[in-house]
Asks: 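Quick one: structure below, then a few questions.
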Amino acid sequence: RDRLDRQVQAWQDELAQSPPDWDEADIYRARLELRRETLAHLDERIEATVAKRKSQVEEQTQLTKKLSTAKEKWKSAEAQRKALQDAEQATRKASEALPDDAAISSAVKSLEARVASLTKSAENSKQAVEKHQQKLNELTSQLDEVNRQLLTLQSERIDVADLVAEARGAVSVFLSRQRRADARREELKQRIASAEQLREFLDRTAQS
């Protein structure tokens with residue numbers, strides 16, 4: 001009987017010293033939740049940055065087309081202006097040689113007006129080229145910055161994803177340990193209950 005009492009006391013002591021550590025469980029779960037929230041926030045930022053980059057790439061494509069069209073217009077206007085300017089200079093020389101020829105004088109004035117108009121058109125085309133080129137340069141710089149931001153965010157995500165996996169593993173290990181501890185507590189309770197029944201039986205036997 002004394003041996004049984006000592007064994008029951010040992011089991012009760014072990015049971016009392018192994019309560020479920022829910023505070024520790026909360027710490028593990030809170031850490032996992034926090035890291036998951038950080039990961040979700042990073043995913044949102046990555047998604048927004050990818051969308052921004054897509055928009056900028058589309059804008060870059062449109063600006064490149066506009067710049068190409070403006071360059072062609074400028075090139076064409078310059079070629080026409082030079083051709084008409086050459087014609088005007090030749091006609092002016094003819095007018096100087098034939099000052100009384102009204103038709104040649106009229107042609108000079110007409111060519112002067114055409115050259116002036118094409119000069120203005122060429123200048124407008126040049127300004128358009130400069131404007132589109134400046135915008136394209138600015139957009140290219142912005143796109144480079146967005147690409148750098150995206151690389152940084154993706155790198156951060158890899159690190160945070162590793163931390164999430166680590167925290168998830170810690171929770172899994174804790175829960176596994178708790179399941180083993182729960183099983184041990186149930187085993188101790190059953191052993192104590194069986195021992196109590198045995199003690200009652202021994203007491204009744206001793207009294208009879």
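Because only heavy atoms are used, hydrogens play no part in the values below, and waters and symmetry mates are left out as well, while side chains stay in. Residue numbers count from 1 along this sequence.
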Asks: When you look at Gln89 and Lys93, which way does the side chain to side chain contact (heavy atoms under 4.5 Å, CB included) test go after all the steps?
Replies: CA-CA 6 Å; Gln89 290 174 354; Lys93 287 182 180 179; 5.6 Å; no

Asks: Please step through side chain to side chain contact (heavy atoms under 4.5 Å, CB included) for the pair Arg53 and Val57, ending with a clear verdict.
Replies: CA-CA 6 Å; Arg53 183 178 65 173; Val57 168; 4.2 Å; yes

Asks: Examine distances only and state if a side-chain atom of Thr69 and a backbone atom of Lys65 form a donor-acceptor pair shorter than 3.5 Å.
Replies: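 Flag set: sc Thr69 to bb Lys65 pair under 3.5 Å.
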
Asks: Show me the donor-acceptor pairs within less than 3.5 Å that the side chains of residues 107-119 make with the rest of the protein, sequence neighbours left out.
Replies:
unit_1 : atom_1 : unit_2 : atom_2 : d
Glu112 : OE2    : Arg92  : NH1    : 3.3
Glu112 : OE2    : Arg92  : NH2    : 2.2
Thr119 : OG1    : Val115 : O      : 2.7

Asks: How long is the straight-line distance from CD1 of Ile192 back to CH2 of Trp11, given to the nearest 0.5 Å?
Replies: 7.5 Å

Asks: Using every non-hydrogen atom in the two residues, find where Pro99 and Ser105 come nearest and quote the distance to one decimal.
Replies: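 That would be O-OG, 4.2 Å.
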
Asks: Just checking, is any N or O donor in the side chain of Gln178 or Asp182 under 3.5 Å from an acceptor N or O on the other one?
Replies: no

Asks: Locate the shortest heavy-atom distance separating Ile104 from Asp101; write the atom from each residue and the value.
Replies: N-OD1, 3.1 Å

Asks: Do you know the tightest heavy-atom contact between Gln133 and Leu67?
Replies: OE1-CD2, 3.1 Å

Asks: So, Ser76 versus Glu72: side-chain donor-acceptor pair below 3.5 Å or not?
Replies: no

Asks: Taking Thr64 for the side chain and Gln60 for the main chain, is one N or O donor matched with an acceptor at less than 3.5 Å?
Replies: yes

Asks: When you check the gap from the basic side-chain N to the acidic O, do Arg148 and Glu145 get nearer than 4.0 Å?
Replies: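 So Arg148 pairs with Glu145 through a salt bridge.
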
Asks: Could you state the interatomic distance from CD (Glu88) to CD (Gln85), rounded to the nearest 0.5 Å?
Replies: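 It comes to 6.5 Å.
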
Asks: Check whether any side-chain heavy atom of Glu47 sits under 4.5 Å from a side-chain heavy atom of Val50, and report yes or no.
Replies: no

Asks: Examine Leu163 and Tyr28 and state if one hydrophobic cluster contains both, with Ile, Leu, Val, Met, Phe, Trp and Tyr joined whenever side-chain heavy atoms are less than 4.5 Å apart.
Replies: no

Asks: Which heavy-atom pair separates Arg35 from Val160 by the least distance, and what is that distance?
Replies: O-CG1, 3.7 Å

Asks: Among pairs that include at least one residue of residues 150-171, which meet side-chain hydrogen bond (donor to acceptor under 3.5 Å, both in side chains), considering only residues two or more places apart or in two chains?
Replies: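 Only Asp43-Arg157 qualify under side-chain hydrogen bond (donor to acceptor under 3.5 Å, both in side chains).
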
Asks: Tell me, with the steps shown, if Arg184 and Glu187 meet salt bridge (Lys or Arg N to Asp or Glu O under 4.0 Å).
Replies: CA-CA 5 Å; Arg184 176 59 177 168; Glu187 179 186 355; 3.3 Å; yes

Asks: Is there a donor-acceptor pair closer than 3.5 Å between any side-chain N or O of Ser106 and the backbone N or O of Ala102?
Replies: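 Side chain of Ser106 to backbone of Ala102: no pair is present.
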
Asks: Tell me whether Leu150 is reachable from Leu42 by hopping between hydrophobic residues (I, L, V, M, F, W, Y) whose side-chain heavy atoms are closer than 4.5 Å.
Replies: yes

Asks: Quick check: closest heavy atoms across Leu153 and Thr49, and the distance to 0.1 Å?
Replies: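 So the minimum-distance heavy-atom pair works out to CD1-OG1, 3.5 Å.
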
Asks: Counting neighbours of CD on Gln12 that are heavy atoms of other residues, nucleotides or ligands and sit closer than 6.0 Å, is the number greater than 12?
Replies: yes

Asks: Same cluster for Val129 and Leu136 if Ile/Leu/Val/Met/Phe/Trp/Tyr side chains link at under 4.5 Å?
Replies: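 Yes, same cluster.
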
Asks: Nearest 0.5 Å, please: how far is CG in Leu143 from NZ in Lys52?
Replies: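 That separation rounds to 10.0 Å.
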
Asks: Under the side chain to side chain contact (heavy atoms under 4.5 Å, CB included) rule, what do Gln134 and Lys131 come out as? Steps first, then yes or no, please.
Replies: CA-CA 5 Å; Gln134 182 180 357; Lys131 176 183 176 182; 6.0 Å; no

Asks: Taking it one step at a time, do Lys189 and Glu186 satisfy salt bridge (Lys or Arg N to Asp or Glu O under 4.0 Å)?
Replies: CA-CA 5 Å; Lys189 289 176 183 178; Glu186 286 303 315; 3.7 Å; yes

Asks: Using modelled atom types only, decide if a donor and an acceptor are shared between the side chain of Ser125 and the backbone of Ser121 within a distance under 3.5 Å.
Replies: yes

Asks: Hey, could you give me the CZ/CZ distance between Arg6 and Arg3, rounded to the nearest 0.5 Å?
Replies: 8.0 Å

Asks: In Å, rounded to the nearest 0.5 Å, how long is the span from CZ of Arg31 to CG of Asp26?
Replies: 12.0 Å

Asks: What's the shortest heavy-atom distance between Val164 and Leu32, and which atoms?
Replies: O-CD1, 3.7 Å

Asks: Nearest 0.5 angstrom please: Thr61 OG1 to Glu58 CD, how far?
Replies: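 So the gap between those two atoms works out to 7.5 Å.
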
Asks: Are Val146 and Ile46 connected in a single hydrophobic cluster, I mean Ile/Leu/Val/Met/Phe/Trp/Tyr linked by side-chain heavy atoms less than 4.5 Å apart?
Replies: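 No, no single cluster joins them.
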
Asks: Taking Arg81 first and then Glu78, would you say they form a salt bridge - that is, a charged N and a carboxylate O separated by under 4.0 Å?
Replies: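 Yes, this pair counts.
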
Asks: Check this for me: does any side-chain nitrogen of one of Glu33 and Arg29 sit under 4.0 Å from a carboxylate oxygen of the other?
Replies: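 The answer is no: the pair does not qualify as a salt bridge.
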
